[in-house]
Amino acid sequence: MLTVNRYKCCYCGACVSVCPTCALELVETWLEISADCKECGICTKICPVGALEVEA
Ligand code: SF4
Ligand code: SF4
């Protein structure tokens with residue numbers, strides 16, 4: 001399961017543009033993770049503040 005640390009995320013949008021399934025969306029000051037997430041982990045590597053994590 002992909003989780004976002006709301007305290008770390010600065011809503012830069014970098015993760016949104018790298019997701020191959022377009023599962024991430026910035027909605028005002030909220031990062032939405034949709035059911036389209038395949039837990040590939042690409043977004044976790046691009047996030048500059050380490051706010052995204054794929055957990056078992
Ligand atoms: S883990 Fe992969 S599929 Fe899920 S939101 Fe991140 S980049 Fe997209
Ligand atoms: S890349 Fe990281 S800091 Fe930027 S919007 Fe995504 S989770 Fe937030």
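Any value given below was found using the heavy atoms of this structure, including those in side chains, with hydrogens, waters and symmetry copies removed. When a ligand or atom number is given, it counts from 1 through the structure's own listing order.
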Just how far is it from atom SG of Cys9 to atom CG of Leu26, taken to the nearest 0.5 Å?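 If I round to the nearest 0.5 Å, the distance is 7.0 Å.
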Quick one: pull up SG in Cys47 and CG in Asn5 and give me the separation to the nearest 0.5 Å.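 One gets 9.0 Å once the value is rounded to the nearest 0.5 Å.
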Identify the protein heavy atom lying closest to atom 4 (Fe) of ligand 1, giving its residue, its atom name and the separation to 0.1 Å.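 Residue, atom and distance for the closest contact: Cys37 SG, 2.3 Å.
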Which atoms of ligand 1 are found less than 4.0 Å from any heavy atom of [X]?
{"X": "Thr21", "value": "3 (S)"}
{"X": "Pro20", "value": "7 (S)"}
{"X": "Lys38", "value": "3 (S), 4 (Fe)"}
{"X": "Leu2", "value": "5 (S), 6 (Fe)"}
{"X": "Leu24", "value": "5 (S)"}
{"X": "Cys43", "value": "1 (S), 5 (S), 6 (Fe), 7 (S)"}

So which protein N/O/S atoms does atom 8 (Fe) of ligand 2 have within less than 2.8 Å?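 Listed by chain and number: Cys9 SG.
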With heavy atoms only and a cut-off of under 4.0 Å, state how Pro48 meets ligand 2: side chain, backbone, both or neither.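 For Pro48, only side-chain atoms sit under 4.0 Å from ligand 2.
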For a distance under 2.8 Å, tell me if Cys40 has an N/O/S atom near atom 2 (Fe) of ligand 1.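 So Cys40 does bind atom 2 (Fe) of ligand 1 by this criterion.
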Which residue from Gly41, Ser34, Ser17, Cys19 reaches closest to atom 8 (Fe) of ligand 1 through any of its heavy atoms?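 The nearest heavy atom belongs to Cys19.
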Glu39 side chain to Met1 backbone, donor-acceptor under 3.5 Å: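 Yes, Glu39 side chain to Met1 backbone: donor-acceptor pair under 3.5 Å.
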Between Tyr11 and Leu2, is there a shared hydrophobic cluster once you connect ILVMFWY residues whose side-chain heavy atoms come closer than 4.5 Å?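 Yes; Leu2 is reachable from Tyr11 via cluster members.
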So, do Val4 and Leu24 sit near enough that their side-chain heavy atoms are less than 4.5 Å apart?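 Not touching, per the 4.5 Å side-chain cut-off.
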Taking all atoms of both residues into account, what is the closest heavy-atom pair of Cys37 and Ala23, and its distance?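 Closest approach of Cys37 to Ala23: N-CB, 3.5 Å.
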Using the side-chain contact (heavy atoms from CB on, under 4.5 Å) rule, pick out the option among Ile46, Leu31, Ile42 that qualifies with Leu52.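 Result: among Ile46, Leu31, Ile42, Leu31 is the only option passing the side-chain contact (heavy atoms from CB on, under 4.5 Å) with Leu52.
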